[in-house]
Amino acid sequence: MTTRLGFFDSGIGGLTVLKRVLQRHGEVSCIYLGDNARVPYGTKDQKEIRLIAKEVVEWFRDQNLSAVVMACNTTNSLALDVVEAYAGVPVFSLIRAASEMIFEKRIGILATPATAASGEYSNQIKSIHAGTIVIEQGCPDFVPMIEDGIPNINQFRRSAEIYLSPLLKAKVQAVVFGCTHYPFAEPILRQLLPQNVRLIDPAIALAEQLDEVLGAPSSTYAFPISLASTRICVTSDANGFADKSTPWLGVRPEVELISLQDKTCFS
Ligand code: DGL
C-alpha cells in the first residue's frame, strides 16, 4: 500500500509544512486539507477548535492515510489528543518537533492567540530543556493579513513590531514560528530581528521525523517541488486558494472543493 500523509490547516499556512516535507522527501502521496471556510482558527475558543479537529479527522479516516501531520499549531496545541484518539494512524506533532530544534536558553514563540494562551510550547520545550525561558506571544493580526497576501506591508510591520517588542525586551536568542502561516512573512520578520536571533521553523524537524514513515531520503530534494501525488482540498473558494498558493509552491495546484459534512468532492 502507498504511504499517504494527511495534512490539515485552516488555510494556506500548512503549505509551509507540506513544502518542507516534499523538499526533503521528493514526490510523496499527500492529501492537504485547507479548511478556509473557517479561517482563522486561532481566535476561536477551545471547544470550537476541538470540534473542528474532530470533524477534520473524521473526514481523514476515509482517505486511507498512513499518518496525519499536524500542519496547524492551533489544533496541535488544543486538540492533539482528539486527533490522536480518532485518526487510527500515527500523528506527527509540530510542537514536539519544534522542541527538538531548540538549544538556546531564552526562546520567543510567535503564535495565534489560542496557541499562545494554551502554553503548550512552554510545556513541551521545558519538558525537554528544563530551565529554558519561553515567552509566548499571540499575534491576532497575522493570519488574516497573510491569507490576504499581506496587502499592506507597513501595516504588517507595525503589528509585528508590537508583537516582537516583549520578545526583544526579554533578549530572546531564538524565535519560533508557532503558527504555520508565519513563514510566509519570514522576510519581514527577519528584518525586524537582530542578526543573532535565530528564526526556527518547526516544519524542518517535522519533515525529518517523517523519515520514520517515508524512510530517510537518499538526497535532499530541491525546489521546484512535485505535487503530482498531492491532492489539495479546501472547504471554500478553490480558485482563490490556488491563486494564493502558487507563489509559495512554485506551481499552480489543482484545488478541489469538499464538504467535511457529507465527505464528497464537488470538483
Ligand atoms: N496555521 C495555523 C496555525 O499554525 C492556524 C492559524 C489560524 O487559522 O489562526 O496555528
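Computed from a prediction, not measured in an experiment: that's the story for all the values here. Hydrogens, waters and symmetry mates are skipped; everything else that's a heavy atom, side chains included, is used. For ligands, and for the atoms within them, numbers begin at 1 and follow the listed sequence.
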Practice prompt. Describe, in one word, how the ring planes of Phe142 and Phe156 are oriented to each other, choosing from parallel (under 30°), tilted (30 to 60°) and perpendicular (over 60°).
Written response: parallel
Fill in: Phe60 and Phe8 aromatic ring geometry - parallel, tilted or perpendicular at 30°/60° bounds
perpendicular
Discussion item. Pairing donors with acceptors under 3.5 angstrom, does anything connect the side chains of Tyr182 and Asp201?
Written reply: no
Item to complete: Give a yes or no on whether Val57 and Tyr41 share a hydrophobic cluster (residues Ile, Leu, Val, Met, Phe, Trp, Tyr; joining criterion: side-chain heavy atoms under 4.5 Å apart).
Response: yes
Worksheet item: Would Lys54 and Glu58 count as a salt bridge (Lys or Arg N to Asp or Glu O under 4.0 Å) if you check the C-alpha gap in whole Å, the side-chain angles of each, and the deciding distance to 0.1 Å?
Response: CA-CA 6 Å; Lys54 182 160 181 270; Glu58 275 171 355; 3.4 Å; yes
N/O pairs closer than 3.5 Å, ligand 1 and protein:
{"unit_1": "ligand 1", "atom_1": "1 (N)", "unit_2": "Asp9", "atom_2": "OD1", "d": "2.8"}
{"unit_1": "ligand 1", "atom_1": "1 (N)", "unit_2": "Thr180", "atom_2": "OG1", "d": "2.8"}
{"unit_1": "ligand 1", "atom_1": "1 (N)", "unit_2": "His181", "atom_2": "ND1", "d": "2.8"}
{"unit_1": "ligand 1", "atom_1": "4 (O)", "unit_2": "Asn73", "atom_2": "N", "d": "2.8"}
{"unit_1": "ligand 1", "atom_1": "4 (O)", "unit_2": "Asn73", "atom_2": "ND2", "d": "3.1"}
{"unit_1": "ligand 1", "atom_1": "4 (O)", "unit_2": "Thr180", "atom_2": "N", "d": "2.9"}
{"unit_1": "ligand 1", "atom_1": "4 (O)", "unit_2": "Thr180", "atom_2": "OG1", "d": "3.3"}
{"unit_1": "ligand 1", "atom_1": "8 (O)", "unit_2": "Ser10", "atom_2": "OG", "d": "2.6"}
{"unit_1": "ligand 1", "atom_1": "8 (O)", "unit_2": "Tyr41", "atom_2": "N", "d": "2.7"}
{"unit_1": "ligand 1", "atom_1": "9 (O)", "unit_2": "Tyr41", "atom_2": "N", "d": "3.3"}
{"unit_1": "ligand 1", "atom_1": "9 (O)", "unit_2": "Gly42", "atom_2": "N", "d": "2.7"}
{"unit_1": "ligand 1", "atom_1": "10 (O)", "unit_2": "Asn73", "atom_2": "N", "d": "3.4"}
{"unit_1": "ligand 1", "atom_1": "10 (O)", "unit_2": "Thr74", "atom_2": "N", "d": "3.1"}
{"unit_1": "ligand 1", "atom_1": "10 (O)", "unit_2": "Thr74", "atom_2": "OG1", "d": "2.6"}

Item to complete: Take Thr235 and Asp35, measure what side-chain hydrogen bond (donor to acceptor under 3.5 Å, both in side chains) needs, and give me the verdict at the end.
Response: CA-CA 5 Å; Thr235 51; Asp35 185 16; 2.9 Å; yes
